[in-house]
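Quick note: numbers below take in every heavy atom, side chains included, and nothing from hydrogens, waters or symmetry partners. Within every chain, numbering begins at 1; the chains are lettered A, B, ... in the order of the sequence lines, protein sequences first and strands thereafter.
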Number of protein chains: 2
Amino acid sequence: MKVQSSRDFKLQRDVDYGTPEQNKAVKQIVADIKQEGDAALFRYTEKFDGARLSRDNVRVTQEELQAAYKHVEDSFVSAIRAAADNIRAFHARQKRNSWMDLQPDGTILGQIIRPLQRVGVYVPGGKASYPSSVLMNVIPAQIAGVPEIVMVTPPATGGKEGIDPYILVAAAEAGVNEIYRVGGAQAVAALAFGTESIAPVDKICGPGNIYVALAKREVYGAVDIDSIAGPSEIVVLADDTAEPAYIAADLLSQAEHDEMASAILVTPSQALAEAVAAEVERQLRVLPREAIARASVDNYGAIIVVETLEEGISVVNRLAPEHLEIVTQDPMALTGAVRNAGAIFLGPYSSEPVGDYFAGPNHIIPTNGTARFSSPVDVDDFIKKSSLIYYSKEALLRDGKTIIELARREGLEAHARAVEIRLENEAKGGEADGE
Amino acid sequence: MKVQSSRDFKLQRDVDYGTPEQNKAVKQIVADIKQEGDAALFRYTEKFDGARLSRDNVRVTQEELQAAYKHVEDSFVSAIRAAADNIRAFHARQKRNSWMDLQPDGTILGQIIRPLQRVGVYVPGGKASYPSSVLMNVIPAQIAGVPEIVMVTPPATGGKEGIDPYILVAAAEAGVNEIYRVGGAQAVAALAFGTESIAPVDKICGPGNIYVALAKREVYGAVDIDSIAGPSEIVVLADDTAEPAYIAADLLSQAEHDEMASAILVTPSQALAEAVAAEVERQLRVLPREAIARASVDNYGAIIVVETLEEGISVVNRLAPEHLEIVTQDPMALTGAVRNAGAIFLGPYSSEPVGDYFAGPNHIIPTNGTARFSSPVDVDDFIKKSSLIYYSKEALLRDGKTIIELARREGLEAHARAVEIRLENEAKGGEADGE
């Protein structure tokens with residue numbers, strides 16, 4: 001990694017919006033599913049995944065779900081349970097109550113918090129299938145009180161219908177038991193519009209390849225979607241109390257994700273900068289995913305030497321990283337000045353993987369600078385709010401003229417009259433003149 | 001209005017995504033502003049609005065803002081102040097605190113709530129400019145703690161630079177004093193990317209014409225945007241205790257908005273259905289915006305007669321209306337069963353305009369069925385959350401092996417090693433082997 005000294009470092013990565021051909025293909029798939037339902041869903045599944053499905057076998061059975069436990073280690077089950085407990089405990093603290101404001105004149109105003117009714121979680125197949133992501137999508141929805149959570153995941157390719165048993169166990173541990181073996185744009189469209197086999201949902205979340213991402217954009221509006229994940233990043237802000245080997249390992253844990261991932265160290269210590277650069281190279285050489293991590297480090301990695309930690313914080317705020325580690329003498333002292341970061345890891349023991357898998361906060365976090373205005377996935381993503389207005393007669397008689405004035409000022413006469421007819425009628429004793 | 005008896009009534013309105021020409025024009029404008037800044041902003045303002053601007057006069061001055069008060073009635077200023085007080089009081093109850101969970105082993109987990117730094121509010125010009133919407137967009141952002149709130153609104157056409165004084169007074173009363181006289185797609189692009197005159201924002205909200213809506217979609221990702229408002233609707237669920245003239249007036253207050261607006265009565269009472277139909281016609285004939293309201297009623301209005309109020313609730317939940325009025329003997333008794341509605345108005349005195357202008361809840365509410373999964377504008381729209389993880393040494397030593405197991409299971413070796421290097425090093429007494 002190159003050591004740079006620059007106040008103007010800017011991270012620029014393009015988001016993939018697909019080729020025109022990919023966009024066209026996805027539009028066609030979505031339209032076909034909307035029109036034909038299961039027939040199109042099964043046709044595309046055979047075409048893209050090589051699996052022949054019907055209404056009888058599209059849904060994963062309880063027996064399959066239970067059988068998956070035989071194919072995973074007991075220690076994995078324990079680990080997933082421990083992680084799920086922590087994730088549940090953290091997200092439970094985000095749950096909110098409906099509230100009311102009862103006023104002396106009898107008026108009641110309020111905000112009603114309700115869960116979405118039905119949510120679909122997309123889980124990618126193959127190497128990109130992560131049991132931890134199942135927990136991170138499903139548990140906040142459960143805590144929100146969503147009564148129906150459904151999962152879709154592609155069947156294994158080559159005519160087999162098996163799904164990774166680790167994914168099935170994670171789903172079962174999270175409490176999902178409505179799972180369909182479909183994937184790709186066709187699965188997203190089926191969730192959005194429903195087919196004979198799959199009832200439509202209100203929101204679709206979970207990561208996927210470019211076809212899945214484009215299909216989510218295409219169905220947005222008919223249903224809600226989560227944000228489309230971009231390339232991921234970590235920024236470590238450290239001083240010379242930091243252990244270079246730890247920092248290097250944390251940078252590489254981000255870099256191994258993807259060639260577009262970005263790992264950046266910001267430090268006022270030239271010595272730490274050089275030590276970390278050497279450590280990164282040393283650790284890189286023995287990493288299984290060396291090629292990916294090296295591409296990430298070479299293209300989007302940086303070690304930025306700043307004058308002071310305060311300047312470091314201003315670099316952090318400009319980058320608005322998904323993950324921020326603060327590894328300094330007194331990390332809490334700097335936390336108040338952080339304006340933009342999706343998740344903040346403090347101190348030498350809060351390595352990013354602790355949060356990715358286990359601590360409890362969500363690992364789905366805004367990427368690519370969007371932490372400026374968005375937030376990690378949480379319970380709020382699975383609720384909706386309704387306003388409640390019960391206006392009393394006394395309040396309407398008191399405020400009616402003011403409301404009429406504002407409505408007339410905006411040229412909305414029928415708005416004014418809807419209030420006026422009540423005022424006039426109540427003045428006459430409650431007998432409407434329209435009768 | 002036709003009285004229908006149908007369980008299968010479905011409201012279908014298309015959302016306007018613009019013509020290919022409009023989309024192309026907007027892309028060009030956005031690209032030009034991004035590239036050229038003020039030069040393009042002023043060029044498009046002259047072209048579309050006929051106003052010649054420069055860095056010296058693009059921003060509305062304090063003197064203009066104060067002068068606007070001379071052009072509005074004192075009663076308007078009082079009305080706006082009273083409305084603003086109510087809106088502030090309601091939204092203040094939505095404000096949330098950052099929180100921490102301090103665990104006995106020294107670990108601290110938390111969620112940090114912070115305001116966005118800078119928000120742009122678009123206010124349309126001409127007849128669609130509503131002072132009440134200024135309050136509804138600005139006040140929640142203020143309550144959230146957004147330090148910089150900036151407004152853009154088109155200059156009056158025909159070479160003049162005047163802005164509707166009612167809008168300026170509403171802005172001043174809401175506390176906005178950074179206002180630029182630009183509008184259209186060029187204003188949206190200026191807010192998103194910044195120009196020499198206008199610093200970029202983190203989020204853009206507020207309604208506008210098709211060019212504004214398309215520009216918001218185009219810049220989404222670089223900044224956050226609010227949802228794109230669709231055609232608006234009201235559903236009234238009423239029994240024979242309701243006053244037909246009130247119900248008709250409320251239906252028309254929605255219908256006068258726009259030819260695509262939808263006003264629907266759902267009732268188990270055939271007598272009420274017929275009385276409301278007659279009242280609608282009677283009131284329509286003397287309405288200034290009769291043509292608009294009549295088109296709305298004819299095309300998207302309905303009176304649906306159901307067997308029971310419970311069946312009525314299920315129709316409501318299927319429609320997921322923006323506004324729902326429940327005007328029955330005991331409206332609270334039905335409220336618990338409402339799953340999908342943006343704002344719920346209870347009883348005979350809670351006419352929709354009470355909420356549109358005055359009561360306190362926001363009048364920007366999900367339209368066209370999206371109340372299934374989205375919510376009225378509120379303080380949450382102007383905050384972002386960060387997770388906080390301070391993991392203690394004790395906790396890492398205890399949980400490290402579990403985290404390593406989960407990381408290896410997902411094939412992310414560098415993740416595992418970032419934890420492992422700490423475990424090994426701490427076992428050796430804290431001297432990293434990388435040195």
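Listed options Val223(A), Ile383(A), Leu252(A) were ranked by heavy-atom pairs under 4.5 angstrom with chain B; first place goes to Val223(A). With respect to chain B, the highest number of heavy-atom pairs below 4.5 Å among Ser78(A), Ser227(A), Pro348(A) belongs to Pro348(A). Contacts with chain B were tallied for Ala293(A), Pro131(A), Ala416(A), Ala82(A); Pro131(A) has the most, counting heavy-atom pairs under 4.5 Å. Most heavy-atom pairs under 4.5 Å with chain A: of the set Ala359(B), Gly347(B), Gly369(B), this distinction falls to Ala359(B). Per-residue counts of heavy-atom pairs under 4.5 Å with chain B were compared for Gly355(A), Pro331(A), Ala222(A); the largest is that of Ala222(A). The residue among Glu420(B), Gln117(B), Arg339(B) with the most heavy atom pairs within less than 4.5 Å of chain A is Arg339(B). The residue among Met332(B), Arg372(B), Gln254(B) with the most heavy atom pairs within less than 4.5 Å of chain A is Arg372(B). For the set Ile344(B), Ile404(B), Val119(B), Ile326(B), the count of heavy-atom pairs under 4.5 angstrom toward chain A peaks at Ile344(B). Among the candidates Asn362(A), Ile247(A), Thr370(A), Val354(A), the residue making the largest number of heavy-atom pairs closer than 4.5 Å to chain B is Val354(A). Heavy-atom pairs under 4.5 Å with chain A peak, among Val338(B), Asp101(B), Leu287(B), at Asp101(B). Interface remark: of the candidates Ile108(B), Val419(B), Asp399(B), Asp399(B) forms the most heavy-atom pairs closer than 4.5 Å to chain A. No other option in Phe90(A), Tyr390(A), Phe345(A), Tyr357(A) has as many heavy-atom pairs under 4.5 Å with chain B as Tyr357(A).
In this structure, the portion of Ala83(A) lying under 4.5 Å from any heavy atom of chain B is its side chain and not its backbone. Only the backbone of Val201(A) comes within less than 4.5 Å of a heavy atom of chain B; no side-chain atom from C-beta onward does. With a threshold of 4.5 angstrom between heavy atoms, Ala278(A) does not approach chain B through any atom at all. Heavy atoms closer than 4.5 Å to chain B are found nowhere in Pro115(A), neither backbone nor side chain.
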### Task
Mind running side-chain contact (heavy atoms from CB on, under 4.5 Å) on Arg409(A) and Ile80(B) for me, showing each step along the way?
CA-CA 11 Å; Arg409(A) 171 51 44 212; Ile80(B) 275 286; over 6 Å; no
### Task
Just do the side-chain contact (heavy atoms from CB on, under 4.5 Å) check on Val286(A) and Arg417(B) with the steps written out, would you?
CA-CA 11 Å; Val286(A) 290; Arg417(B) 289 185 190 176; 3.8 Å; yes
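Of the inter-residue distances, the one linking Lys203(A) atom NZ with Ser374(B) atom OG reads 10.0 Å to the nearest 0.5 angstrom. Rounding to the nearest 0.5 Å places CD1 of Ile403(A) at 12.0 Å from OG of Ser132(B). Annotation: the span from Tyr349(A) atom OH to Leu423(B) atom CG amounts to 10.5 Å, rounded to 0.5 Å. Here Glu290(A) contributes atom CD and Glu413(B) contributes atom CD; the two are 13.5 Å apart, rounded to the nearest 0.5 Å. Within the model, atoms OG of Ser351(B) and NE2 of His415(A) stand 8.5 Å from one another, a figure rounded to the nearest 0.5 Å. Atom CD of Gln103(A) and atom CG of Asn86(B) lie 7.5 Å apart (nearest 0.5 Å).
A heavy-atom distance below 4.5 Å is not found between the side chains of Lys401(B) and Ser75(A). Between Arg96(A) and Arg96(B) the shortest side-chain heavy-atom distance falls below 4.5 Å. Residues Lys384(A) and Asn340(B) form a side-chain contact, since some pair of their non-hydrogen atoms from C-beta on lies under 4.5 Å apart. Looking at heavy atoms from C-beta onward, Phe76(A) lies in side-chain contact with Leu406(B) at the 4.5 angstrom threshold. Side-chain contact between Thr335(B) and Ile112(A) is present, with heavy atoms from C-beta onward closer than 4.5 Å. The shortest side-chain heavy-atom distance between Gln94(A) and Trp99(B) falls under the 4.5 Å cut-off. Put simply, the side chain of Lys385(B) does not reach to within 4.5 Å of the side chain of Pro361(A), judged on heavy atoms. Inter-residue side-chain proximity for Ile389(A) and His323(B) is flagged as unmet; no heavy-atom pair is nearer than 4.5 Å.
The shortest heavy-atom contact between Gln283(B) and Ile421(A) is NE2-CD1, 3.8 Å. Annotation for Arg289(B) and Gly411(A): closest pair CD-O, 3.6 Å, computed over non-hydrogen atoms. Phe358(B) and Tyr391(A) make their closest contact through CD2-OH, 3.6 Å (heavy atoms, listed as atom of the first residue, atom of the second, distance). Closest non-hydrogen pair, Ser386(B) versus Ala341(A), comes out as OG-O, 2.6 Å. Across every non-hydrogen atom of Tyr246(B) and Glu426(A), the tightest pair is OH-OE2, 3.1 Å. Across every non-hydrogen atom of Ala79(B) and Glu405(A), the tightest pair is CB-CG, 4.3 Å.
A donor-acceptor contact closer than 3.5 angstrom links the side chains of Asp378(B) and Gln111(A).
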